[in-house]
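Here's the structure, in structure tokens; my notes come after.
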2 protein chains.
Amino acid sequence: MRDRKVIDLPSSNVSCNECSLQQLCLPQSINGNELDKLDNIIERKKPLKRNEYLFQVGSPFDSIYVVRSGSLKTYSPTIDGQEQVTGFHLPGELLGLDAIGSGQHPCVAKALETTSVCEIPFESLEELTQSMPTLQHQLLRLMSKEIFDDQELMLLLGKKTAEARLSAFLLSISLRFKQRGFSSTEFYLSMSRNDIANYLGLAVETVSRMFTRFQEDGIINAERKHIVINDWDTLQQLAGISQLSEKEACTKKA
Amino acid sequence: MRDRKVIDLPSSNVSCNECSLQQLCLPQSINGNELDKLDNIIERKKPLKRNEYLFQVGSPFDSIYVVRSGSLKTYSPTIDGQEQVTGFHLPGELLGLDAIGSGQHPCVAKALETTSVCEIPFESLEELTQSMPTLQHQLLRLMSKEIFDDQELMLLLGKKTAEARLSAFLLSISLRFKQRGFSSTEFYLSMSRNDIANYLGLAVETVSRMFTRFQEDGIINAERKHIVINDWDTLQQLAGISQLSEKEACTKKA
DNA sequence: ATAATAACTTGATAAATGTCAATTTTATAA
DNA sequence: TTATAAAATTGACATTTATCAAGTTATTAT
């Protein structure tokens, strides 16, 4: 996938100003002087290696995080020792918004590959939003989007067949790669089949079978984590969700 | 249930100051002078009758809403003409937070009974939060809580048996009644079995059978919408640990 | 490079839940 | 009130997906 990227992912010390993720991130639609202020409160942490944790369940909530490069999964442990994967997080996406209410992280965030993040201390961010209405608005928008996205997933989990779930998952990933300037038809999945199954509320075996079937039907090519989408239209039909709403929610500016 | 209520639900023209829902609502932890300011931007709408709409899919987003009395359901139409119920909303709970991002309501809000709401124009609210850090913080907290709650539901839909889903649903409703000063062990459900099934990602028939089984096992008394919870502990066990407790429950009775 | 481990795939079987159909009960409207 | 429609329940059956088991392929560590 690396050779297919259209934009460069920000390396560890680039400022918001120079960051290619600006349009997907908090800085969207804030400008020069204000951007510098935001930039000043952001801490750029040293990259996480695969399987390292960004935060654990119960960790005190101090900051929200934005993925700069790489990817993470978040998951909540259940009473009976299982895990429920609640999301995958690609560059430009926020983590930790679910902890503001309680002051503690309700889930674990674990790097799926070498991953670097920006840390945004929440108190400073709140102070900053007091004098920057556009920043506040952007924060609210991003939180709202997360609520909206979660509801889409609820719909998926509640109503859809295994086939539709995997289709929707692949389309979602594809779309998000596209928004980040990568190919939407060929990419590497950083998460395991197990993670995908868990996220979609299915057994690993079911997911594996679906991958095989999609490949047999010529809809995709899947060689382990390397995915090529051959037939976007069929995939959308199978997913049975409105790609419209998804696009609008992601690209439209309020 | 009406004769069991501990607090009075606010009637249509009571101010935030006098409102019994203050501690569950946006005003939480803001005081006198500031409360008046919030109070001033809030519009108290005339009550909705059963089956009337608060907003429709695609309605422009101008305001968020707080339930004063009664209840609503929100649902999203799917591409194939189905509906997915995304939530039930009791007094003190917010609606419309999922529309901030796109500027359009992605779901329908429909009254389940005679229902009155406070309308809070979002622009005014954003302005107000600029000078009221505590109000901003409370808004962020409530949005965060919604994200958190949605993730809980995702977990339910992804991982749990029908038994666990209905248990968790009943416990959730019970808890929310309790927080509002009503009995947590005896209440009326304002939503139909169909709505519950849809919300939980189950067939109506399955929900109906579960109600019957819970009743046979003495866990609850369910006469249509009138619910009495007899055995809270078992219900919690069922909600938490699906596989194990399920077998116990089966051998216990059958 | 090789062994050990983890991830993935595939098949057979079982279990849970959905679907269809019929009936009863409750709610709504004439 | 009675007629009509809607909601809820129950049973029989079908289907999807989970589970169990085995084997294969990749990844990691020695």
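Every chain is numbered from 1 and lettered A, B, ... according to where its sequence line falls, protein lines coming before strand lines.
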At less than 4.0 Å, is any side-chain N or O atom of A:T206 found next to OP1 or OP2 of D:dT16? Yes or no.
no
Does [X] reach a base, just sugar-phosphate, or nothing at all? Heavy atoms under 4.0 Å.
{"X": "A:R165", "value": "nothing"}
{"X": "A:K225", "value": "sugar-phosphate"}
{"X": "A:S208", "value": "base"}

Tell me the interatomic distance from [X], atom [atom1], to [N], atom [atom2], rounded to whole angstroms.
{"X": "A:M210", "N": "C:dT9", "atom1": "CE", "atom2": "C1'", "result": "14 Å"}
{"X": "B:E205", "N": "D:dA14", "atom1": "CD", "atom2": "P", "result": "16 Å"}
{"X": "B:R213", "N": "C:dA16", "atom1": "CZ", "atom2": "C1'", "result": "11 Å"}
{"X": "B:Y188", "N": "C:dT26", "atom1": "OH", "atom2": "P", "result": "12 Å"}
{"X": "A:R193", "N": "D:dT25", "atom1": "CZ", "atom2": "P", "result": "15 Å"}
{"X": "A:E223", "N": "C:dA7", "atom1": "CD", "atom2": "P", "result": "19 Å"}
{"X": "A:R50", "N": "C:dA6", "atom1": "CZ", "atom2": "P", "result": "12 Å"}
{"X": "A:F211", "N": "C:dT10", "atom1": "CZ", "atom2": "P", "result": "12 Å"}

Assess whether a salt bridge exists between B:E93 and B:K145, defined as any Lys/Arg side-chain N lying under 4.0 Å from an Asp/Glu carboxylate O.
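Not counted as a salt bridge, because no side-chain N and carboxylate O are separated by less than 4.0 Å.
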Among D:dA18, C:dA7, C:dT17, which nucleotide has an atom closest to any side-chain atom of A:L202?
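Among the listed nucleotides, the one closest to the side chain of A:L202 is D:dA18.
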Let's see if you can work this out: which of D:dT9, D:dT17, D:dA8 has an atom nearest to the side-chain heavy atoms of B:N194?
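Minimum distance to the B:N194 side chain belongs to D:dA8.
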How are the rings of A:Y65 and A:H105 set to each other: parallel, tilted or perpendicular (split at 30° and 60°)?
tilted
For A:K225, does the NZ atom sit with more than 12 other heavy atoms under 6.0 Å from it, leaving out its own atoms?
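Enclosed.
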If you pin A:T161 and A:R224 to their nearest nucleotides in DNA chain D, which one's is more 5'?
A:T161
Go through the steps to decide whether B:F88 and B:Y199 satisfy the test ring pair (Phe, Tyr, Trp, His ring centres under 6.0 Å), and finish with yes or no.
CA-CA 9 Å; B:F88 301 109; B:Y199 177 68; 5.0 Å; yes
A:I64 side chain near A:L97 side chain, heavy-atom distance below 4.5 Å:
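The answer is yes, as the side chains (C-beta and beyond) meet within the 4.5 Å cut-off.
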Mind checking whether A:D149 and A:E146 have side chains closer than 4.5 Å, heavy atoms only?
no
Classify the side chain of B:R209 versus the base of C:dT19 as yes if they form a donor-acceptor pair under 3.5 Å and no if they do not.
yes
Once you build an axis from the first five pairs and another from the last five of the helix from C:dA1-D:dT30 to C:dA30-D:dT1, how far apart in angle are they, to 10 degrees?
60°
Run the side-chain contact (heavy atoms from CB on, under 4.5 Å) check on A:I173 and A:I227 step by step: do they pass?
CA-CA 11 Å; A:I173 293 287; A:I227 307 292; over 6 Å; no
